[in-house]
There are 2 protein chains.
Amino acid sequence: MKSKAVIDALSALANEHRLAVFRLLVQAGPEGQPAGAIAEALDLPASSLSFHLAHLNRAGLITQSRDGRSLIYAADFTAMNGLVGFLTENCCGGASCAPAVAPTQKKRKAS
Amino acid sequence: MKSKAVIDALSALANEHRLAVFRLLVQAGPEGQPAGAIAEALDLPASSLSFHLAHLNRAGLITQSRDGRSLIYAADFTAMNGLVGFLTENCCGGASCAPAVAPTQKKRKAS
DNA sequence: TCGATATTTCCAGTATCATCGAATTATTGG
DNA sequence: CCAATAATTCGATGATACTGGAAATATCGA
């Protein structure tokens, strides 16, 4: 996962409403939820929700598909996997966030 | 980790420069780096960097300590651990981002 | 085709974020 | 105490994000 994609994903999740939407979709599983149900569950005006859904979609965190009049949104678990993977590898010093104590030897910047 | 803290951490990392700073500090390990070294490594004006460091610090992702004239910043691995933990548990459907397929039964919101 | 439903796009107003030079604060050595 | 060094805070400016009602678009059922 590229740095730019990571930043897009992070900023997409870095919002109260979008984080709530995403969590809801994760709980909903691969089947997803129509926009209307999300709006009702989170008590958000349709236009505001649409803005947030578009944001999450642009960031690649959710997918959109149509079912009749409804647009179904679902969490993209692969993308989320990529994000968590990046954070673990690049921001936790590898492993599972182990403090990276006693590094075998200080990593020296090449030249 | 509370939702508010998660959002603070996510929005702190959702910026090109701050993500670079954080990664640098992760690589630097628990000993951290003085602000000046970071500014030089990332080629950022001192005042801009200071703004970003304050942001990361407010979010709890880095710690600050003084060593003479220098202010040493270091990644807070515990906080990062908490963030990744939250994302894994709440945004990946538990496990390690398994698609959470075939949920035993739909979780119903308690009244 | 028409009316109802589901959702998005448009738009304007407000708010928050990012930038960076200049001024300020903290610390050290002499 | 003073000059030098390290870093922060201030302040003004420009950019970007969020909000939500009204209008537009897509789809369905009859």
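A, B, ... follow the sequence lines: proteins, then strands. Residue 1 opens every chain.
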Integer-rounded Å distance: C/dA6 P and A/Q33 CD: 14 Å
Nucleotide C/dT7, atom P - distance to CD of A/Q64 in whole Å: 11 Å
d(CG, B/D67; P, D/dT5) in whole Å: 18 Å
Given DNA chain D, 5'-ward residue of the pair A/G68 and B/A35, judged by closest heavy atom: B/A35
Dump every N/O contact between nucleotides 18-20 of chain D and the protein below 3.5 Å, one line per pair.
from: D/dC18; atom 1: OP1; to: A/N15; atom 2: ND2; distance (Å): 3.3
from: D/dC18; atom 1: OP1; to: A/R18; atom 2: NH2; distance (Å): 2.9
from: D/dC18; atom 1: OP2; to: A/R18; atom 2: NH1; distance (Å): 3.1
from: D/dT19; atom 1: OP1; to: A/H17; atom 2: NE2; distance (Å): 3.3
from: D/dT19; atom 1: OP2; to: A/H52; atom 2: NE2; distance (Å): 2.5
from: D/dG20; atom 1: OP2; to: A/S48; atom 2: OG; distance (Å): 3.3
from: D/dG20; atom 1: N7; to: A/S47; atom 2: OG; distance (Å): 3.0

4.5 Å side-chain heavy-atom contact, B/K2 and B/V6: no
Phosphate OP1/OP2 of C/dT7 contacted by A/S70 side-chain N/O (<4.0 Å): yes
Common cluster, B/I72/B/F22, ILVMFWY with side-chain heavy-atom separation under 4.5 Å: no
Separation of A/N81 CG from A/F86 CZ (nearest 0.5 Å): 14.5 Å
B/Y73 side-chain N/O to D/dA6 phosphate OP1/OP2 under 4.0 Å: no
Any side-chain heavy-atom pair of B/L13 and B/L61 under 4.5 Å: yes
Euclidean distance, atom CG of residue B/D43 to atom C1' of C/dT19 [Å, nearest integer]: 14 Å
Which atom of A/T63 lies closest to which atom of A/N57, heavy atoms considered: CA-ND2, 4.0 Å
A/R58 CZ - D/dT16 P separation (whole Å): 13 Å
Presence of A/R66 side-chain N/O under 4.0 Å of D/dT27 phosphate oxygens OP1/OP2: yes
A/I38 CD1 to C/dA6 C1', straight-line distance once rounded to whole Å: 13 Å
Heavy atoms from other residues, nucleotides or ligands near CD of B/E40 exceed 12 (cutoff 6.0 Å): no
Nucleotide D/dA17, atom C1' - distance to CD of A/E16 in whole Å: 15 Å
Sugar-phosphate, base or nothing in reach of A/A46, heavy atoms under 4.0 Å: base
Reference residue A/M80; test side chain to side chain contact (heavy atoms under 4.5 Å, CB included); the match among A/D76, A/L83, A/T78: A/L83
Rounded distance (Å) that lies between atom P of C/dA18 and atom CG of B/L13: 12 Å
